[in-house]
2 protein chains.
Amino acid sequence: MTPNKELQESRMRGYFIESTREILKGEGLKALNVRAVAERAGYSYATLYNYFKDLNELVFICVNDFMIECESFVEDHTREYQPGRQRLKQRMIALIRYFTQYPGIFELFYLERMNSLGSQHPTAAAIYRFTDSLSEADLAAMVSGSITDKETAENIRLSLRNAATGMLLFYMNRMQPDGYKAFMETAERQLDFILGRDQA
Amino acid sequence: MTPNKELQESRMRGYFIESTREILKGEGLKALNVRAVAERAGYSYATLYNYFKDLNELVFICVNDFMIECESFVEDHTREYQPGRQRLKQRMIALIRYFTQYPGIFELFYLERMNSLGSQHPTAAAIYRFTDSLSEADLAAMVSGSITDKETAENIRLSLRNAATGMLLFYMNRMQPDGYKAFMETAERQLDFILGRDQA
DNA sequence: TTAATATAATTAACAATGTTAATAAAATTA
DNA sequence: TAATTTTATTAACATTGTTAATTATATTAA
C-alpha cells in the first residue's frame, strides 16, 4: 500500500486552515495567534510550521477563501435582479451585510495586518480590486444601456468602493451610526446618493 | 528654594510626548514601542510608566495633537476662500495632503491601534467626527446660501468623509492609484463628483 | 552638615507571541 | 527487526508591554 502523501499533507493543511477560519470569523484577528490556531487544530504550535511558512501564509489563504465566500453571498442575494443600477445597489447592500455579519473578516481585509506585508502581495491586490469586481458587471450594463456615461460610471465605481469600506470602517471601529438598523438606513441613503436618482 | 514639581513633571512628560510624536511622524506605528520612545527621550523604558499609564496614553495625546496640527494645516491652506463649496473642496484636498505627507498619522487615526481600545474612548469619538468638523462650516454656508438642501448636505458630509478616508486607505495600504500625482487627480475628480457641478 | 526619608530612575523579571533548533515519536524501508 | 526517514513535540530565543525590586538622587530634619 503506497501512502498518499499529498492527501495527507493537504488534510493537515486543511485542519490548520479551518482552525484559522473559525478563529477569524468568530473572535477576529486580535484572537488569532499561532498557539490558538494549533490548539484548535489539535496539534502543537510548532507543527504548523511544517505545513506553512508562517502565520501570514495561513491568513492569506483565508482571505482568499473569504473573498470567494463573500462573492457567493452577494451572488445569492441578487439573483432575481437584472444587471443595472438597482442590482448594483443590492449588491453593495449584500456586501455590507456580509461584513457586518463577520466584522473580523472586514478587519482582516481592510485594516491591520495587510499592512504588515507589502502592497505588492497578490492578496493585497485582490482585496484592492474586490469591491470593483463586484460592481463591474452592473456598471458595464449601465454604460451600455446609456444610463450613465463612462466617466460617471468610473466615479461611481470609486465612490461605491469608498462608501462601502468607509461606512463599515466607521461603523465597526466606532460603532457609529448607533445600531445595525440605523446603520443600514444610512448606508442605503448613501448608496442612493452615489448611484443617482432615476434619470434615464 | 522650593522646587516646582509641576514644571518638572510637565517637562518629563513633554520629553516622552515629543519622542512619540517624532517616531509616529517619521517611522509610523510599526516602529513605535516603549523602549524606542524611552531611548529617544533619553530615559529608561520603565521611567515612562512613572509619567504615563501605558503606551496608549501617549498615543492618545499625540492623536489629539495631530488633530489640532492638521486642522491648522487645513486652515492655513484655505484662508483665501469664502465659506462654501469651493472652499470645502480645497479643505478636503488639504486634509488629504496632510495625511499623504504623514502616512503614519493616517494609519494611527484610522487603522490598527484605535481598534485595541474601546470605541467609547473620547479620542476615538473625536477622530470619528474629525472630517465632519472640517466640513461643517462650509456645508452650513452651502445650505444657508441655498446651494444645496439639508438632506443633500448630509449626504455630502458622509460621502466626503468616506471618500477622503477611503481613498487614503487604498492609496497608502496598496499604493493605488500609482503615484502621488495620479492619486491627487483622482481625488479631485472624486471630490467634484461628490460636491456636484455648478447648479446655483 | 549629615543622617533619615521620600522621590525618581534603573535593572530584573514576567507574560504573551512569533519563530527556530533540538529532541522525541512514528512511520517507512531495507 | 534494525536503520532510516519523516513528522511532531518540547525547549529555547527574540521582541514587546508591563510590573516589581533595587539603586540612585534629592529633600528634609536634627
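Just so it is clear, the model here is predicted, and its values are computed rather than measured. Naming: A, B, ... by sequence-line order, numbering from 1 per chain.
A side-chain donor-acceptor contact under 3.5 Å links B:D54 to the backbone of B:E57. Remark: the backbone N or O of B:A141 is not paired with any side-chain donor or acceptor of B:D138 at under 3.5 angstrom.
Side-chain rings of B:F109 and B:F99 approach one another, their centers coming within less than 6.0 Å. Here B:Y98 and B:Y102 bring their ring centres to under 6.0 angstrom of each other.
Here the P atom of nucleotide C:dT19 and the CZ atom of A:F16 are 14 Å apart, to the nearest Å. When the P atom of D:dT16 is taken as reference, atom CD1 of B:I23 falls 11 Å away, rounded to whole Å. Look at CD on A:E39: it is 12 Å from P on D:dT10, rounded to the nearest Å. Here C:dA15 presents its P atom at 17 Å from CG of A:N33, a figure rounded to the nearest Å. The CG atom of A:L58 sits 11 Å away from the P atom of C:dG18 (whole-angstrom rounding). Rounded to whole Å, atom P of D:dA12 lies 18 Å from atom OH of A:Y49. Between the CZ atom of A:R11 and the C1' atom of D:dT7 there is a distance of 16 Å, rounded to whole Å.
Between A:Q190 and B:N162 the shortest side-chain heavy-atom distance falls below 4.5 Å.
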In the 5'-to-3' direction, what one-character label does each nucleotide of nucleotides 7-13 of chain C receive under the scheme B = base within less than 4.0 Å of a protein heavy atom, S = sugar-phosphate only, - = no such atom?
SSBBBBB
Show which side-chain atoms of residues 42-50 of chain A pair as donor or acceptor with protein atoms under 3.5 Å away, not counting sequence neighbours.
unit_1: A:S44; atom_1: OG; unit_2: A:A46; atom_2: N; d: 3.4
unit_1: A:T47; atom_1: OG1; unit_2: A:S44; atom_2: O; d: 3.4

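In summary, A:K181 and A:E185 engage in a salt bridge, as defined by a charged side-chain N under 4.0 Å from a carboxylate O.
With hydrophobic clusters built from ILVMFWY side chains whose heavy atoms lie under 4.5 angstrom apart, A:Y81 does not share a cluster with A:L139.
Rounded to 10°, the angle separating the first-five-pair axis and the last-five-pair axis of the helix from C:dT1-D:dA30 to C:dA30-D:dT1 equals 30°.
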